Amino acid sequence: FVEVHYITIQQVGNVPITKGDFQSLPHQVQTWLAQMIQLCAPRAVYICDGSEEEAEMVTNKLVERGTLTKLTKYENSYICWTDPRDVARVESKTFIVTNNKYASIPHSREGVKCVLGQWMSPSDMKQELDDRLPGCMAGRMLYVIPFSMGPIGSPLSKIGVQITDSNYVLLSMRIMTRVSSEIWKHLRHNEEFVKCLHSTGVPRPHTQKIINNWPCNPEKILICHFPDIRKVISYGSGYGGNSLLGKKCFALRIAGRIAYDEGWLAEHMLIMSITNPKGEEKFIAAAFPSACGKTNLAMLTPTMPGYTVRCIGDDIAWMRFDKQTGELRAINPETGFFGVAPGTNMKTNPNAILTCLKNSIFTNVGETADGGFYWEGLENETPPGTEIISWTGERYKLGEDKTKKSSHPNARFCCPARQCPIIHDRWEDPAGVPISAIIFGGRRPEGVPLVIESFDWKHGIFLASQLKSETTAAAEHTGKQIMHDPFAMRPFVGYNFGHYIQHWLDFEKDPKNKLPKIFHVNWFRLDENKKFLWPGFGDNIRVLDWIVRRTNGEDIAEISSVGLIPKKDSINLQGLIVDWDKLMSVPKDYWKDDIEETLSWLDGQLGDDLPHDIRIQIEQQKQRISQI
Ligand code: GDP
Ligand code: PGA
Ligand code: MN
């Protein structure tokens, strides 16, 4: 009786609150929620508290409906197959909205299409949203998810509230962020929070066929960011990068802008530590574009004896220079890994496999007939003849038809970071860890050596600005084109990219700042038979070891025209067969074209917003190359 009474008196407008106490929420949250409830017109509202009972209830509902299937081989783990039209981030539908266009994007040269962020005016965006949002949750439950990026209550953390009509999103947000009713206590006194609205864009009754019990509205996908008012609205997609708004939308695009305003950095970087055989530990951060190796590097299993790697984060780093010590301190604002499944196995990344054996959600991977997960890369760990059900529902026996694919190339595992066997015991330390080196990298099949160290801070920022990488399945780009992706942030920057580069350059102006050394790596150089020249994965420790030794000032580097490179035999190659000269060569013709192309691209994209220091770096690089 009490329950029934409770339900009937709590309502907003005429929408009932099925769980939670609306009146007790912080006032600023109530105001925003009331508006959103009226706009989206759900059938009911559910205010999440982060409890296990809540997860169980929602999970059971999704299993009943067929969106999730329990993987009986593991504890509390589920597989999900999406509508095949909704499998990756959609960069072409991702926008930054500000009154001033050039607060969002740089002054690109006339006739050049800016790819460093897309801007839309508030009035145009209003039209787009007016066409989508009214009644977008009709017949659905609206979940209210309070979450913290970073440890709850820490001064470095930021609070968000996500509204969503997708319970898959709710379950994933519980893994990736800290969801708890504790959050409300930290939001008193009219404090700011990041407003995140997500809808799959499929109100009831349905006018379109729902595929795989996965509601989405691909024609109308829109992911928009309002950095001035700390707001994200995402419509039409349930895929992680588009719908788990704490991740790329908030922790990079919105937080990046907050960081710019406040003097810190929100970066697309893993955070890890390396302890050498002498027991000395160093922390590094590394930025690679999506599906280029962050998750793998973050939890690498060293092939060199005596080394220990520990993981702090695999995707996002919030970093600031400590006012007292001058150290660059980094935290991982997330609590889970949303990793690329294909290619992950007990050889390449055992720690990832061991992390996702319970409490995990697998999206667009294959299933084995005995209730396990399967994807390309697990061939050697799965008995031939095992029956596989592919992500598109096709059944086949492993080994019988080599053309069959079990998984989408951007299939993902989503699992709690605390389950990682090598998670660092300080991974939730609100003070963060001190960063000694920053690494940038991408997929460069040609021309780019295994590792380059920058001459200095400015040159390091130039290395990051000229970052390029082969496109992957993480976004909608098709084919394998080499794209510019400065700082691995092209799709994730929330303000004028020229200001972003200048922001990085400006850290040098404070003499108190202990600037980390900057490096560039390339695990993906190919030989003439299109085979990788470098074994990668656990053997990347050999490069990390060199990098760490450089941060200790060891005399193991020599000057090349593109930066400092390892002296011969300074990288431990014991037990490997690699063609060192091919791996490390700096071909003059390649780099001569490359610097011309880079100048024309950066100048075209950034115009007069390209910092002067970068132009000087380009000139110096031209000089050095002409002298090869
Ligand atoms: P992230 O999206 O940046 O976190 O990238 P992941 O670590 O998930 O890796 C994406 C893909 O690249 C996976 O298929 C990996 O197997 C592959 N990969 C990661 N590291 C290496 C490496 O060192 N060498 C090679 N050849 N492939 C790698
Ligand atoms: P990642 O992230 O590939 O950078 O790990 C996820 C995404 O692209 O949505
Ligand atoms: Mn990753």
Side-chain angles (χ1 to χ4, degrees), residues 82-98 101-102 104-106 108-109 111-133 136 196-202 208 214 216-227 231-245 247-250 252-254 256 268 289-292 364 408-410 412 442-443 467-497 500 601 604-606:
T82 71
D83 183 319
R85 298 170 300 169
D86 191 23
V87 293
R89 283 184 295 100
V90 186
E91 293 177 1
S92 61
K93 300 294 165 61
T94 301
F95 294 91
I96 312 288
V97 181
T98 45
K101 179 175 177 182
Y102 300 105
S104 292
I105 60 164
S108 303
R109 298 280 179 219
V112 172
K113 190 194 173 321
C114 177
V115 299
L116 294 168
Q118 280 196 101
W119 173 79
M120 198 185 279
S121 73
S123 57
D124 286 352
M125 185 53 83
K126 185 176 180 302
Q127 267 190 17
E128 296 293 336
L129 294 175
D130 284 349
D131 174 44
R132 289 168 173 81
L133 297 183
C136 65
C196 302
L197 171 61
H198 169 253
S199 172
T200 55
V202 187
Q208 282 185 330
W214 178 268
C216 64
N217 192 344
E219 289 84 36
K220 292 220 150 169
I221 288 177
L222 196 61
I223 298 127
C224 55
H225 305 73
F226 301 81
K231 190 164 93 176
V232 182
I233 297 177
S234 168
Y235 180 94
S237 167
Y239 170 76
N242 301 327
S243 69
L244 311 180
L245 302 187
K247 202 177 187 39
K248 311 286 191 188
C249 298
F250 170 173
L252 290 177
R253 298 190 191 99
I254 299 289
H268 193 202
S290 291
C292 294
N364 292 337
H408 186 275
N410 192 38
R412 299 272 170 164
R443 290 177 181 261
L467 201 155
K468 294 190 220 177
S469 193
E470 203 170 64
T471 49
T472 67
E476 75 270 38
H477 313 285
T478 48
K480 281 193 174 178
Q481 4 152 10
I482 309 276
M483 276 175 92
H484 283 272
D485 194 346
F487 292 77
M489 283 289 280
R490 176 184 44 75
F492 307 119
V493 84
Y495 61 99
N496 182 312
F497 215 104
Y500 170 87
W601 188 83
Q605 285 293 319
L606 293 152

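Fair warning: this is a prediction, and the values are worked out from it, not measured in the lab.
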Legend entry - Which residues share a ring pair (Phe, Tyr, Trp, His ring centres under 6.0 Å) with Tyr495, sequence neighbours left out: Tyr260

Inset, instruction - Taking all heavy atoms of Pro486 and all of Trp601, pick out the closest pair and write down the distance. - result: CD-CH2, 3.9 Å

Inset, instruction - Compare all side-chain heavy atoms of Asp485 with those of Pro491 and state whether any distance is below 4.5 angstrom. - result: yes

Legend entry - Residues that His268 engages under ring pair (Phe, Tyr, Trp, His ring centres under 6.0 Å), provided they are two or more places apart: Phe492

Legend entry - Flag, side chain of Ser469 to backbone of Arg443, donor-acceptor distance under 3.5 Å: yes

Inset, instruction - First locate atom CD1 of Ile105, then atom CZ of Phe497, and finally report the distance between them rounded to the nearest 0.5 Å. - result: 13.0 Å

Legend entry - Minimal non-hydrogen separation, Cys114 against Gly117, with atom names: SG-O, 3.6 Å

Inset, instruction - Could you please spell out the steps behind the side-chain contact (heavy atoms from CB on, under 4.5 Å) verdict for His484 and Leu116? - result: CA-CA 9 Å; His484 283 272; Leu116 294 168; over 6 Å; no

Legend entry - Closest approach of Ala474 to Ser290 (non-hydrogen atoms, all atoms of both residues): CB-CB, 3.4 Å

Inset, instruction - Sort out for me which residue in Asp86, Thr82, Asp83, Asn410 forms a side chain to side chain donor-acceptor pair (under 3.5 Å) with Tyr239. - result: Asn410

Legend entry - Which residues share a side-chain hydrogen bond (donor to acceptor under 3.5 Å, both in side chains) with Glu476, sequence neighbours left out: Ser92

Inset, instruction - Compare every heavy atom of Pro227 with every heavy atom of Gly494, then report the nearest pair and how far apart it is. - result: O-CG, 3.7 Å

Legend entry - Check: Asn242 side chain, Ala88 main-chain N or O, donor-acceptor pair, under 3.5 Å: yes

Inset, instruction - Decide yes or no on side-chain contact (heavy atoms from CB on, under 4.5 Å) for Arg490 and Gln605, but give the supporting numbers first. - result: CA-CA 11 Å; Arg490 176 184 44 75; Gln605 285 293 319; over 6 Å; no

Legend entry - Pair Leu222-Leu129, side-chain contact (heavy atoms from CB on, under 4.5 Å): steps then yes or no: CA-CA 9 Å; Leu222 196 61; Leu129 294 175; 4.0 Å; yes

Inset, instruction - Scan residues 120-129 for pairs that pass salt bridge (charged side-chain N to carboxylate O under 4.0 Å, His left out), counting only residues two or more places apart or in two chains. - result: Lys126-Asp130, Glu128-Arg132

Inset, instruction - Starting at NZ of Lys248, measure out to OG of Ser234 and round the result to the nearest 0.5 Å. - result: 14.5 Å

Legend entry - Partner set under side-chain hydrogen bond (donor to acceptor under 3.5 Å, both in side chains) for Thr472, not counting sequence neighbours: none

Legend entry - Backbone of Tyr102 reached by a side-chain donor or acceptor of Trp119 within 3.5 Å: no

Inset, instruction - Please examine the side chains of Gln208 and Val202, heavy atoms only from C-beta on, and report whether any two atoms are closer than 4.5 Å. - result: no

Legend entry - With Trp214 via ring pair (Phe, Tyr, Trp, His ring centres under 6.0 Å) - residues at least two apart: Tyr168

Legend entry - Where Ile223 and Val90 come nearest, the two heavy atoms and their spacing: CD1-O, 4.3 Å

Legend entry - Any Pro106 side-chain heavy atom under 4.5 Å of Tyr500 side chain: no

Legend entry - Shortest non-hydrogen separation from Ile96 to Ser104 and the atoms involved: CG2-OG, 3.2 Å

Inset, instruction - Rounded to the nearest 0.5 Å, what's the gap from CG on Asn217 to SG on Cys136? Could you check? - result: 10.5 Å

Inset, instruction - Answer yes or no: is there a side-chain heavy-atom contact under 4.5 Å between Gln118 and Lys113? - result: yes

Inset, instruction - Go through the steps for Cys224 and Met120 under the test side-chain contact (heavy atoms from CB on, under 4.5 Å), then give the verdict. - result: CA-CA 9 Å; Cys224 55; Met120 198 185 279; over 6 Å; no

Inset, instruction - Look up atom CD1 in Ile233 and atom CG in Leu245, then write down how far apart they are to the nearest 0.5 Å. - result: 10.0 Å

Inset, instruction - May I ask you to test the His225-Cys249 pair for a side-chain heavy-atom distance under 4.5 Å? - result: yes

Legend entry - Electrostatic pair Arg85:Glu219 at N-O distance under 4.0 angstrom: yes

